Amino acid sequence: MKAKIIIALSFIVAIAIMTGCTSQPYYDIPYDENGNVYITQISKVTADPVKVGQTSFTINCYFPNAKSGDVMKATVLQQQVPSWNPTGAKQLLPVAGSEKSITVGSDFKTSVTYTLQEANLLKVGDAITVVFSGATDSGIISITLKAS
């Protein structure tokens, strides 16, 4: 009995040592052609304040890690009660019909325009989050409808 316990513990320790010694890259760090770490810029997403009385608003984006011609998705998210749990708490969910495709230009800039109706900004204090996602970059911005 004692021998079985010792063998089982030895086996467990051997497995732990073997898995502990394997290479486990926790971060995929980009390198340039010379093997040096390549530090990139951070995307920047901006918009002018959105006020009552406007019919639309434009969000301007700079995606330094994207490639010219990349197609990205812009999606409006808003705090909503999920349809699958009508008694549940509000969650940040996509607004129906708000997804748009945008193309990154050669200057790594792009923009997207939404009407207040599309973005579900109907009364003062309504807030949304717009997320941008693509193969090589992403961005996010929060917008709240303000009084004019």
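Only a predicted model underlies this, so the values are computations on that prediction, with no experimental measurement involved. The basis for the numbers below is simple: all heavy atoms, side chains too, and nothing from hydrogens, waters or symmetry mates. Throughout, numbering of the chain's residues begins at 1 and tracks the sequence.
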Residues Thr75 and Pro94: closest non-hydrogen pair is CG2-CB, 4.1 Å
message = Could you go through Gln117 and Leu122, starting from their C-alpha distance and side-chain angles, then the distance that decides it, and tell me whether this counts as side chain to side chain contact (heavy atoms under 4.5 Å, CB included)?
response = CA-CA 7 Å; Gln117 195 73 25; Leu122 307 175; 3.8 Å; yes
Q.
Within the structure provided, determine whether Cys61 and Ser111 are in side-chain contact (heavy-atom separation under 4.5 Å).
A. no
Taking every heavy atom of Ile141 against every heavy atom of Ala47, the minimum-distance pair comes out as CD1-N, 3.7 Å
Notebook entry, point to check: Can you find a pair of side-chain heavy atoms, one from Ile59 and one from Phe132, that are under 4.5 Å apart?
Noted result: yes
A side-chain contact here means heavy atoms from C-beta on lying under 4.5 Å apart; do Glu118 and Val95 qualify? no
The reported gap from CZ in Phe108 to OG in Ser68 (rounded to nearest 0.5 angstrom) is 7.0 Å
Q: Give a yes or no on this: more than 12 heavy atoms of other residues, nucleotides or ligands lie within 6.0 Å of atom CG of Asn60.
A: yes
Applying a strict under-4.5 Å side-chain criterion to I, L, V, M, F, W and Y, I'd like to know whether Val81 and Val76 cluster together. no
Here the gap from Thr55 atom OG1 to Leu116 atom CG, rounded to the nearest 0.5 Å, amounts to 7.5 Å
Under 3.5 Å, is there a donor-acceptor pair between the side chain of Asp137 and the main chain of Asn65? yes
### Message
Using a 6.0 Å cut-off, check whether atom CD1 of Ile42 has over 12 heavy atoms from anything other than its own residue.
### Response
no
Within a strict 4.5 Å, meaning less than it, do heavy atoms of the Val131 and Leu77 side chains meet? yes
(request) Report the C-alpha distance between Ser133 and Ser138 in whole Å, list the side-chain angles of each, state the deciding distance to 0.1 Å, and finish with yes or no for side chain to side chain donor-acceptor pair (under 3.5 Å). (result) CA-CA 5 Å; Ser133 55; Ser138 63; over 6 Å; no
| query | Within the side chain of Thr58, is there an N or O that forms a donor-acceptor pair under 3.5 Å with the backbone of Thr113? | reply | no
field: Side-chain heavy-atom pair Leu121, Ile143 within 4.5 angstrom cut-off
entry: yes
Query - Test side chain to side chain contact (heavy atoms under 4.5 Å, CB included) applied to Asn120 and Asp126, step by step - result: CA-CA 8 Å; Asn120 208 20; Asp126 283 350; 5.9 Å; no
query = Same cluster or not: are Val71 and Phe63 linked, directly or through other Ile, Leu, Val, Met, Phe, Trp or Tyr residues, by side-chain heavy atoms under 4.5 angstrom apart?
reply = no
Quick check: does any side chain N or O of Asn34 sit under 3.5 Å from a backbone N or O of Asn36, one acting as donor and the other as acceptor? no
Q) Cluster question for you: counting only ILVMFWY and a side-chain heavy-atom cut-off of under 4.5 Å, with indirect links fine, are Leu92 and Ile140 together? A) yes
Checklist line | Side-chain donor or acceptor of Lys67 paired with backbone N/O of Val104 under 3.5 Å | finding: no
Value for CD (Gln78) from NZ (Lys90), rounded to nearest 0.5 Å, stands at 8.0 Å
- Applying the 4.5 Å side-chain criterion to the ILVMFWY set and letting contacts propagate, would Phe57 and Val124 be lumped into a single cluster? yes
Q.
Please check this pair: side chain of Gln80 against backbone of Pro82, looking for a donor-acceptor N/O pair closer than 3.5 Å.
A. no
For Ala147 and Val52 the tightest heavy-atom approach is CA-CG2, 4.3 Å
Rounded to the nearest 0.5 Å, the NZ atom of Lys100 sits from the NZ atom of Lys73 at a distance of 15.5 Å
